[in-house]
Protein chains: 2
Amino acid sequence: MKSSQKKNKNRLEQEDIYSIPIDAFFKSAFSVDCVIFGYHEKELKVLLIQRGTDPYENYWALPGDLVYPHEDLEHAAQRVLRDLTSLPDISMRQVHAFGKVGRHPLGRVITIAYTALVEHTEINPLPSNWAKQTKWHSVKKLPRLAFDHEEILKDCHQSIKRLIISEPLWVNVLPEKFTITQLQEIFETVLDKKFDKGNFRKKINGLKFLKPLKESQKNVSHRPSTLFNFDSKIFEKYKEKGFVFEF
Amino acid sequence: MKSSQKKNKNRLEQEDIYSIPIDAFFKSAFSVDCVIFGYHEKELKVLLIQRGTDPYENYWALPGDLVYPHEDLEHAAQRVLRDLTSLPDISMRQVHAFGKVGRHPLGRVITIAYTALVEHTEINPLPSNWAKQTKWHSVKKLPRLAFDHEEILKDCHQSIKRLIISEPLWVNVLPEKFTITQLQEIFETVLDKKFDKGNFRKKINGLKFLKPLKESQKNVSHRPSTLFNFDSKIFEKYKEKGFVFEF
DNA sequence: TCAAAAGTGTTATAGGTACACCCATGT
DNA sequence: ACATGGGTGTACCTATAACACTTTTGA
């Protein structure tokens, strides 16, 4: 009986719908929201803005913007990130679309969440027209957020944890030449979990796309580490063949 | 220099933007497209419609529809599925948002792709106002599709392959009580890959949420199989604890 | 010579793969 | 009795985890 009630409800909705002119459908907007995680020295942060205008004025929120009428989604996400961090060409990943009817007080706005991982030193976030303030927040101590941004942030946090074990999210974080320990520390921080040094190294040495260089560290007060390289061509070949590695 | 060119281009776009009235943003629409996979007797199919109206008339396409102004995305996806298959309450998963500028000839339409796995026997797809024809197609032999639906379908196909190893997508396919072999056949078909009988059974017996019943098969001309049950409560508990199983 | 981190090696265990073999039922 | 798929057991191999030990540098 419960199911027949549902069916009735649905039939009504459907009939209503036919009287809605096609224009009515073109009255919604979409936005992108960027969940930009920043890594530095074993700390994971996320970039938030403090809103300067009305819906949710003064609340902290994810940086985001409406998508321009002739702009691709990815482009919009890149733009938001670049405006705030002046970092160009960071690879971002689409995570999910959020579209609950009441999520935006000004009208029907669906938002597409994008996420990225970057280095957060020296990025003093640029002033922007949307924001009173822009600040890196530790992911372990977050303020209340505007709209449904808490849900979005949580989803994206989960997402980078899943992604980082098979996608090189860390290319935006590490310098050209890096040590295994640097890589291990990123994993430990993002996944909030310790790894055994020896075992981690064994994994790395099995991955052909992480190549040891002839060079090593300089001026460190301990045995200098071999520097490594990420070879994206080899990585792409592995991926094409459907190979899956996990850290 | 390439990067400075880019920056300039971006600045221009930004300045243009401020002259666009807010209303201009509320002139786009969104739709859901459903990639409904149908399993039956070791065959994986996908439900396609043949379009009866103009953009891409007569092309095969994914069933989809514009989202009504006061309708949630999930609800819209459910509605499309129900209209075609008369199956109520199938769990669908959001996969990705597709929003390239030129993807829809009538205007800016972003589409959110949803996917599900169902049993495809006895569903003689219902006539619908969008479609001349509705038909199950083998995933191994697909026609050319309208819009960017080939890309969407490919993405969703990948997606169920990834999902099925950790999510019980097969609850919509199997009867209440099922045999391990039935389950194994679904996995083999979806992943297009054979599994060893003995090893598969060992996995199943290790999963607490797949419970053997006292009952067994009847009227089969071989040793009757024990029937199993999916216990969703136990499954949810595992998931809450972040436990991950893979087949 | 000491601290600190790099880097190697060993062992125990868990889990996966392959495969052989027995079991219960209808015909 | 035999065909058919259900169900079990084992032996081998590989991946992983835990941990101890050696090496190289600057101070």
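Each chain gets a letter, A, B and so on, in the order the sequences are listed, and its residues count up from 1. Scope of the values below: all heavy atoms of this structure, side chains included, with no hydrogens, waters or symmetry mates.
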Comparing B:Lys203 and B:Asp196 on DNA chain C - which has the more 5′ nearest nucleotide: B:Lys203

Nucleotide nearest A:Asn199 when distance is taken to its side chain, options D:dG6, C:dA18, D:dA17: D:dA17

Atom of A:Val220, atom of A:Gln217 and distance for their closest heavy-atom approach: CG2-OE1, 3.9 Å

Which nucleotide in D:dG6, C:dA4, C:dT17 has an atom nearest any side-chain atom of B:Gln217: D:dG6

Interatomic distance where CZ belongs to A:Phe178 and P belongs to C:dA5 [whole Å]: 20 Å

A:Ser221, nearest nucleotide to its side chain (from D:dT24, D:dA27, C:dG7): D:dA27

Donor-acceptor pair (no angle test) under 3.5 Å: A:Lys197 side chain, C:dG7 base: yes

For the student: nearest non-hydrogen atoms of B:Ser91 and B:Ala116, plus distance: O-CB, 3.9 Å

N or O in side chain of A:Arg201 less than 4.0 angstrom from C:dG7 OP1/OP2: yes

Heavy-atom donor-acceptor pair, B:Lys194 side-chain to C:dT17 base, under 3.5 Å: no

Test item: A:Lys239 and A:Glu167 side chains (from C-beta on) under 4.5 Å apart, heavy atoms: yes

Residue pair A:Tyr114 / A:Gln78, side-chain donor-acceptor N/O under 3.5 Å: no

Nucleotide of C:dA18, D:dA17, C:dA6 approaching A:Ser225 most closely (side-chain heavy atoms): C:dA6

Separation of D:dA20 C1' from A:Lys202 NZ (nearest whole Å): 12 Å

Interatomic distance where CG belongs to A:Asn205 and C1' belongs to D:dA15 [whole Å]: 16 Å

N or O in side chain of B:Thr181 less than 4.0 angstrom from D:dG6 OP1/OP2: yes

Distance-minimising heavy-atom pair for B:Gln94 and A:Ala97: OE1-N, 2.7 Å

Side-chain N,O (A:Thr226) to OP1/OP2 (C:dG7) below 4.0 Å: yes

Separation of D:dG6 P from B:Leu213 CG (nearest whole Å): 16 Å

Spacing between B:Glu246 atom CD and D:dT16 atom C1', to the nearest angstrom: 15 Å

Given D:dT24, D:dG9, D:dG6, the nucleotide with the shortest approach to the side chain of A:Arg223: D:dT24

Nearest-Å distance for atom pair CD1/P, residues B:Ile204 and C:dG15: 16 Å

Comparing B:Ile180 and A:Val220 on DNA chain D - which has the more 5′ nearest nucleotide: B:Ile180

Nearest-angstrom distance from the residue atom NE2 of A:His222 to C1' of D:dT22: 17 Å

Nucleotide D:dT8, atom C1' - distance to CZ of B:Phe200 in whole Å: 17 Å

